[in-house]
Colleague: 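One structure follows; several queries about it will come next.
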Protein chains: 2
Amino acid sequence: MIKIDIANSLMKVHPCSRATALQVVDLLTERLKDALLNGHRIEIRGFGVFEPRPRKRGMGRNIKTGASVQIPKGKSIRFKPGKDLREIEVA
Amino acid sequence: MIKIDIANSLMKVHPCSRATALQVVDLLTERLKDALLNGHRIEIRGFGVFEPRPRKRGMGRNIKTGASVQIPKGKSIRFKPGKDLREIEVA
DNA sequence: ATTGGCGATGTCGATCTTGATCATCAGCGA
DNA sequence: TCGCTGATGATCAAGATCGACATCGCCAAT
């Protein structure tokens, strides 16, 4: 599923053109990104929680060189599935 | 940031009542949930990718008993931050 | 204001992450 | 609708992090 599919789903329940639906989806993602970049946690009950987290681990590995690669970065976004998402069984 | 904030952001760029904005946000999350539950991967460039993944690890831990707890479930949702989300520096 | 999902705790193993590169597909212009 | 741009995926390796259970409190949602 890609952005277009989401827009189509939105159109089914919200009377608007595909372009508008795309705009809405894009906007939402933009807002979420912005909020996350600002360090804000996004909590939506029944769906999940997006949380910016500081990362402590500081070492990776380079395939070619095989040398230990320092990981200077220290942040990442974690998405924690909500109750509804945990209902996933062995499909 | 919670659902209401997202709805407000939507209202700013999309002329509609708060109730409608809430409905849109709720709908989107519903669609995403449904897609994920159906095992579909949601890929949005510049934002991130939601991917249902089978979980192989089969052991947890009970605080009280401290005994190894079998994890019967075998799925979880992983959110992979896109390029824009990786721009997060040590805020 | 009420309901109830969600957070944190604690342990121990599996999972995930970073880094670079080529191929493929998402996003979007014409 | 067709095609281009370029972001994403997989991989090797080592080390750090997540996960789940069970419970109380807090805050999101109604």
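In what follows, chains are A, B, ... by sequence order, proteins preceding strands, each numbered from 1.
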Colleague: Of A/Glu43 and B/Ile44, whose closest DNA chain C nucleotide lies nearer the 5' terminus?
Modeller: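 The residue closer to the strand's 5' end, by nearest nucleotide, is A/Glu43.
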Colleague: Output the residues of residues 26-33 of chain B in contact with DNA chain C, where contact means a heavy atom of the residue under 4.0 Å from an atom of the strand; sort by number or write none.
Modeller: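 The stretch gives none, as no residue of it lies under 4.0 Å from the strand.
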Colleague: Give the intermediate values and the outcome of side-chain contact (heavy atoms from CB on, under 4.5 Å) for residues B/Leu10 and A/Arg31.
Modeller: CA-CA 9 Å; B/Leu10 177 59; A/Arg31 292 299 83 191; over 6 Å; no
Colleague: Could you state the atom-to-atom distance from CD1 of A/Ile77 to P of D/dT17 in whole Å?
Modeller: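 Taking atom P of D/dT17 as the reference, CD1 of A/Ile77 is at 16 Å.
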Colleague: Before you tell me yes or no, could you show the steps for B/Ile42 and A/Asp5 under side-chain contact (heavy atoms from CB on, under 4.5 Å), namely the whole-Å CA-CA distance, both residues' side-chain angles and the distance that decides it to 0.1 Å?
Modeller: CA-CA 9 Å; B/Ile42 300 175; A/Asp5 297 303; over 6 Å; no
Colleague: Round to the nearest Å and state the distance from B/Arg78 atom CZ to D/dT8 atom C1'.
Modeller: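 Between C1' of D/dT8 and CZ of B/Arg78: 11 Å.
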Colleague: In sequence, state the C-alpha distance, the side-chain angles, and the governing distance for A/Ile6 and A/Met1, and then conclude on side-chain contact (heavy atoms from CB on, under 4.5 Å).
Modeller: CA-CA 7 Å; A/Ile6 300 174; A/Met1 171 181 274; 3.9 Å; yes
Colleague: Does anything in residues 1-8 of chain B reach DNA chain D, meaning a heavy atom under 4.0 Å, and if so which residues?
Modeller: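 Nucleic-acid contacts, sorted: B/Ile2, B/Lys3.
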Colleague: Identify the heavy atoms of A/Pro15 and A/Val13 that sit nearest to each other, and give their distance.
Modeller: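 Residues A/Pro15 and A/Val13, closest heavy atoms: CD-O, 4.0 Å.
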Colleague: Nearest to the side chain of A/Arg18 - C/dT15, C/dC6, D/dT1?
Modeller: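 Among C/dT15, C/dC6, D/dT1, the one nearest the side chain of A/Arg18 is D/dT1.
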Colleague: B/Ile42 has an atom CD1; how far is it from atom C1' of C/dG27, in whole Å?
Modeller: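 From B/Ile42 CD1 to C/dG27 C1': 17 Å.
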Colleague: Between A/Leu85 (CG) and D/dA20 (P), how many Å, whole number?
Modeller: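 Going from A/Leu85 (CG) to D/dA20 (P), I get 12 Å.
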Colleague: Between A/Pro81 and B/Pro54, which residue's closest nucleotide on DNA chain C lies nearer the 5′ terminus?
Modeller: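 That would be A/Pro81.
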Colleague: Nearest to the side chain of A/Arg41, which nucleotide is it out of C/dG7, D/dG9, D/dT1?
Modeller: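 That would be C/dG7.
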Colleague: Please check the phosphate of D/dG9 (OP1 and OP2 only) for any side-chain N or O of B/Lys80 closer than 4.0 Å.
Modeller: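 For D/dG9, OP1 or OP2 has a side-chain N or O of B/Lys80 closer than 4.0 Å.
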Colleague: As a quick check of understanding, evaluate side-chain contact (heavy atoms from CB on, under 4.5 Å) for B/Lys3 and B/Asp26, giving each step before the final call.
Modeller: CA-CA 8 Å; B/Lys3 195 185 293 184; B/Asp26 200 49; 3.0 Å; yes
Colleague: Any idea which of C/dC6, C/dG27, D/dA10 is nearest the A/Lys83 side chain?
Modeller: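 Nearest to the side chain of A/Lys83 among the choices is C/dC6.
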Colleague: On the 0 to 90° scale, with breaks at 30° and 60°, tag the A/Phe47-A/Phe79 ring pair as parallel, tilted or perpendicular.
Modeller: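 Tilted.
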Colleague: Separation of B/Glu51 atom CD from C/dC16 atom P, in whole Å?
Modeller: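 So the CD-P distance, B/Glu51 to C/dC16, works out to 9 Å.
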Colleague: Could you check whether any side-chain N or O of B/Asn8 sits under 3.5 Å from a backbone N or O of B/Ile4, counting only pairs where one atom can act as donor and the other as acceptor?
Modeller: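 Between the backbone of B/Ile4 and the side chain of B/Asn8 there is a qualifying donor-acceptor contact (under 3.5 Å).
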Colleague: Using a strict cut-off of less than 4.0 Å between a Lys/Arg side-chain nitrogen and an Asp/Glu carboxylate oxygen, indicate whether B/Arg53 and B/Glu51 qualify as a salt bridge.
Modeller: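 Judged by the 4.0 Å cut-off on N to carboxylate O distance, B/Arg53 and B/Glu51 do not form a salt bridge.
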Colleague: Testing B/His40, B/Arg45, B/Arg41 one by one against B/Glu43 for a side-chain hydrogen bond (donor to acceptor under 3.5 Å, both in side chains), which residue passes?
Modeller: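 Looking at B/His40, B/Arg45, B/Arg41, the match for B/Glu43 under the side-chain hydrogen bond (donor to acceptor under 3.5 Å, both in side chains) is B/Arg41.
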Colleague: Output the rounded distance in Å from CZ (B/Arg53) to P (D/dG19).
Modeller: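 Value for this atom pair: 11 Å.
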Colleague: In whole Å, I'd like the distance from the CZ atom of B/Phe50 to the P atom of C/dA26.
Modeller: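 Atom CZ in B/Phe50 sits about 17 Å away from atom P in C/dA26.
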